[in-house]
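Fair warning: this is a prediction, and the values are worked out from it, not measured in the lab. Reckoned from all heavy atoms, side chains included, excluding hydrogens, waters and symmetry mates.
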Amino acid sequence: MTSFPIDLGAYQRISLDASTPTLTDDQRSALKANIQLCRDAIVFFTATGAARGVGGHTGGPYDTVPEVMILDALFRGAGEKYVPIFFDEAGHRVATQYLMAVLNGDMPAEQLMRYREAHQKLPGHPELGLTPGVKFSSGRLGHMWPYVNGVALANPGKTVFCLGSDGSQQEGNDAEAARFAVANHVNVKLLIDDNDVTIAGHPSHYMGGYSVKQTLEGHGLTVLEGDGEDIDSLYANICQAINTPGPVALVNKRAMAVGIDGVEGTTHGHDVVPVDAAITYLEAKGHTAAVDVLKGIEKPKNTYQFLGSSDKLGSNRNVFGDAVVEVLGTMDETTRKASVLVVDSDLEGSCGLAQIRKAHPEVFISGGIQERGNLSAAAGFGMEKGKQGIFATFSAFLEMCISEITMARLNYSNLLCHFSHAGIDDMADNTCHFGINNMFADNGLDDGYETRLYFPADANQMKACVKGVFNHPGLRFIFSTRSKVPMILDADGNEMFGGDYTFTPGQDEVIREGTAGYIVTFGDSLYRALDAVERLKQEGIDVGLVNKATLNVVDEAMMAKLGQAPFVLVTEAFNRRTGLGSRFGSWLLERGYTPKFAHLGTHEEGSGGLWEQYPHQGIDPAGIIAKVKELAS
């Protein structure tokens, strides 16, 4: 393996004592050198993720290096006074954890160059027990502070730190954590990177009145505010926080990705720094060897040729927005504004809502990073007959909204939800961002207000689905993947859901007939299962394939057909414990059908990488073929 091209051995292991809140010249010089060294390293190794196409979130860890360098020196100076963990509630700042693990000797520096790569145990969020040196799992944005409160209570007499951000502070979890910390005098210190940047924009623009400092003061915290790039002021404020009993928040103001030309102060710093920007930055710092490494990285490609689907790919998560724009375009502006409200949760570019904002801004609200409140606002708008709310976010966050979904149902809301990034495909963020528990949305009673779950298979079916269910009453959840998917082809090679195809909710669709048994699946699992079916037919095993795009409605006619088959195999990217397969066998038995039955689904922690997640779970064509042969034998 190529040696890590930046000399991390130059890191200066200084010690600091919070009882002395001023830096000596030598300490200041060492801290500044460490900050520059670590920022250069973060730009480099996160950019290897950009070069490989797996992303990587540069700006957050780059920003907070000064705080982390100070904490590391404090932990070294008086480790018994602290819980020496860099808890961080902005989970995408994982580069901080990996870099510190290397500096602490837990893994070689060269491993950093495999950042986010499949099977390298460096996923996009830290996972305890997976990566050497990682001391906590961060989960999703804004989930750590409440947890860290408990850690602090378990370590009386010690100071516990939690790195935060102005984005994570928008989550409702943190409001609860703040009140708990104040009421129980929890000795937790928040170091909040306030750079006025989130994925979709600037909080100062889309969330008027929001102030991290005033919000936390309102909860009763002592709040200090300063310039995160002024090392003397930052250190003095950290010392003051440590020497002040109870919960204290230090709000550090700085521009996002300060010092990176073309990225500083922009939303582009949130995700991984582009390779060209990283090269420009590293060249200016004299890191020619690092530049050479970046230039030499080739983006890996999945060369597998899938049978039964087209070479043309479509992005279902963006097609959702395109389809909604088409429907809204049939209304006059007055009708649109009176009858539709679209609420974004800082993911408009990832969920297809950006197209809606651009085409029809009069119906659009940038709601910030507060999924529960945003879903409820959209549902409340849709409480009245003839009105409906539209809400979108990642499928992983559906679990956060279960109670709000129940309230929307009890209030007979008309709500169209798009949960993108469903399943596991292309998910370098790994396990905490897997969207695998989406069936939780169907949590009402049999006589409750109608709830429907839809997972279209390709861009053609997505467009048809949105148009088909847009004006239906009740709660409608439409799922899509992060990854692009090919068009499903019929047996004659034509696009199955193209032309004059119309989507019929609740109706399962035969993609291929078969006599040996049937595979039942949906979404991006369909084209993979179709490949398996085509290859099995070539081997003389005549297996059929059914697309169940409506996940939570039993198609009685199809169930009768499947019930007479020799076997039924459900394959999906959802959680084996909670997905379609966990209930499909019961549906068969309840109707007196007893074919052989098996179920493949996501069942273990992720592997990192992109398409590699599927074979890791055994739900790729090879895994499906092996299970079919077992059932057919």
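In R591, the CZ atom is crowded: over 12 heavy atoms of neighbouring residues, nucleotides or ligands sit closer than 6.0 Å. Other residues, nucleotides and ligands place more than 12 heavy atoms under 6.0 Å from the CE atom of M331. A 6.0 Å sphere centred on NZ of K596 holds more than 12 heavy atoms belonging to other residues, nucleotides or ligands. At most 12 non-hydrogen atoms from other residues, nucleotides or ligands lie less than 6.0 angstrom from OH of Y412. The number of heavy-atom neighbours closer than 6.0 Å to CD of E590, taken from other residues, nucleotides and ligands shown, is above 12. In N302, the CG atom is crowded: over 12 heavy atoms of neighbouring residues, nucleotides or ligands sit closer than 6.0 Å.
In terms of heavy-atom proximity, P203 sits nearest to V197 at CD-N, 3.8 Å. For the pair V319 and A459, the tightest heavy-atom approach, listed with the atom from each and the gap, is CG1-O, 3.6 Å. In terms of heavy-atom proximity, P595 sits nearest to F567 at CB-CA, 4.1 Å. Between I199 and T267, the closest heavy-atom pair is O-CB, 3.7 Å. When all heavy atoms of G579 and S582 are compared, the pair lying nearest together is O-OG, 2.6 Å. H418 and F320 get closest at one heavy-atom pair: ND1-CD2, 3.3 Å.
Residues Q388 and S339 have side chains not in contact (no heavy-atom distance under 4.5 Å, counting atoms from C-beta outward). For the pair F440/L398, a side-chain contact is recorded, criterion being any heavy-atom separation below 4.5 Å from C-beta on. Between Y206 and D344, every side-chain heavy-atom pair lies at or beyond the 4.5 Å cut-off. You'll find the side chain of E371 reaches within 4.5 Å of the side chain of I369, heavy atoms only. Side-chain contact between T451 and I405: absent, with no pair of heavy atoms (C-beta onward) separated by less than 4.5 Å. Side-chain contact between M462 and S480: present, with at least one pair of heavy atoms (C-beta onward) separated by less than 4.5 Å. Residues L569 and V520 have side chains not in contact (no heavy-atom distance under 4.5 Å, counting atoms from C-beta outward). F419 has its side chain within reach of T393: a pair of non-hydrogen atoms, C-beta onward, lies under 4.5 Å apart.
A salt bridge does not link K537 to E534: none of the charged side-chain nitrogens sits closer than 4.0 Å to a carboxylate oxygen. A salt bridge does not link E348 to K358: none of the charged nitrogens lies less than 4.0 Å from a carboxylate oxygen. Residues R583 and D442 are paired through a salt bridge, judged by an N-O separation under 4.0 Å between the basic side chain and the carboxylate.
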Test side chain to side chain contact (heavy atoms under 4.5 Å, CB included) on R372 and N173 and set out the steps. CA-CA 10 Å; R372 304 167 184 82; N173 273 353; 3.5 Å; yes
Take E171 and R140 through the test salt bridge (Lys or Arg N to Asp or Glu O under 4.0 Å) and record every step on the way to the result. CA-CA 10 Å; E171 289 283 14; R140 298 142 191 169; over 6 Å; no
Check the pair Q170, D346 against side chain to side chain donor-acceptor pair (under 3.5 Å), reporting the backbone distance first and the verdict last. CA-CA 11 Å; Q170 293 177 30; D346 196 49; over 6 Å; no
Determine, step by step, whether M407 and S376 satisfy the side chain to side chain contact (heavy atoms under 4.5 Å, CB included) criterion, reporting the C-alpha distance in whole Å, the side-chain angles of both residues, the deciding distance to 0.1 Å, and the verdict. CA-CA 8 Å; M407 292 306 299; S376 290; 5.9 Å; no
Please step through side chain to side chain contact (heavy atoms under 4.5 Å, CB included) for the pair E89 and Y147, ending with a clear verdict. CA-CA 10 Å; E89 63 172 4; Y147 191 88; over 6 Å; no
I would like to know whether V568 and Y593 meet side chain to side chain contact (heavy atoms under 4.5 Å, CB included); could you show each step before the answer? CA-CA 11 Å; V568 173; Y593 303 130; over 6 Å; no
Tell me, with the steps shown, if D524 and T481 meet side chain to side chain donor-acceptor pair (under 3.5 Å). CA-CA 7 Å; D524 62 321; T481 56; 5.0 Å; no
Going through the checks in order, is the salt bridge (Lys or Arg N to Asp or Glu O under 4.0 Å) test met by K561 and E513? CA-CA 11 Å; K561 179 183 180 75; E513 289 286 4; 3.0 Å; yes
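Distance alone, capped at 3.5 Å, is enough to place a donor-acceptor pair between the H616 side chain and the E605 backbone. Between the side chain of T550 and the main chain of P505, no donor-acceptor pair closer than 3.5 Å is present. At distances below 3.5 Å, not a single donor-acceptor pair connects side-chain atoms of S420 with backbone N or O atoms of C351. Judged by distance alone, with hydrogens and angles left aside, the side-chain atoms of T602 form a donor-acceptor pair with the main-chain N or O of A573 at under 3.5 Å. Distance alone, capped at 3.5 Å, is enough to place a donor-acceptor pair between the D458 side chain and the I488 backbone. The closest donor-acceptor contact from the side chain of Y449 to the backbone of G444 lies at 3.5 Å or more, if one exists at all. The closest donor-acceptor contact from the side chain of N411 to the backbone of S413 lies at 3.5 Å or more, if one exists at all. Distance alone, capped at 3.5 Å, is enough to place a donor-acceptor pair between the D332 side chain and the T334 backbone. Side-chain atoms of Q617 come within 3.5 Å of backbone atoms of H603 as a donor-acceptor pair (strictly under, hydrogens ignored). Side-chain N or O atoms of T406 include one that pairs as donor or acceptor with a backbone N or O of I402 at under 3.5 Å.
Using the six-membered ring where Trp is involved, H92 and H57 have ring planes that are tilted, between 30° and 60° apart. Ring pair H433/H125 is tilted by interplanar angle, where 30° to 60° counts as tilted.
At a cut-off of 3.5 Å, with distance as the only test, a side-chain donor of S525 or Y614 sits close to an acceptor on the other residue. A donor and an acceptor atom, one from each side chain of R336 and H360, are located under 3.5 Å apart. Side-chain atoms of Y304 and D531 include a donor-acceptor pair closer than 3.5 Å. There is a side-chain donor-acceptor pair under 3.5 Å between N437 and T578. In this structure, a donor-acceptor pair under 3.5 Å is present between the side chains of Q461 and N547.
Atom CE of M427 is separated from atom OG of S607 by 12.0 Å, given to the nearest 0.5 angstrom. If you take SG on C401 and CZ on F391, they are separated by 5.0 Å, rounding to the nearest 0.5 Å. Here L562 contributes atom CG and F584 contributes atom CZ; the two are 5.0 Å apart, rounded to the nearest 0.5 Å. Residue I624 holds its CD1 atom at 12.0 Å from NZ of K627, rounded to the nearest 0.5 Å. Separating the OG1 atom in T571 from the CG atom in L526 is a distance of 10.5 Å, to the nearest 0.5 Å. In this structure, I619 CD1 and H599 NE2 are separated by 9.0 Å, a value rounded to the nearest 0.5 Å.
Aromatic ring centroids of F522 and F479 lie 6.0 Å or more apart.
Checked options K484, Q613, R528; the residue passing with D425 is R528 (criterion: side chain to side chain donor-acceptor pair (under 3.5 Å)).
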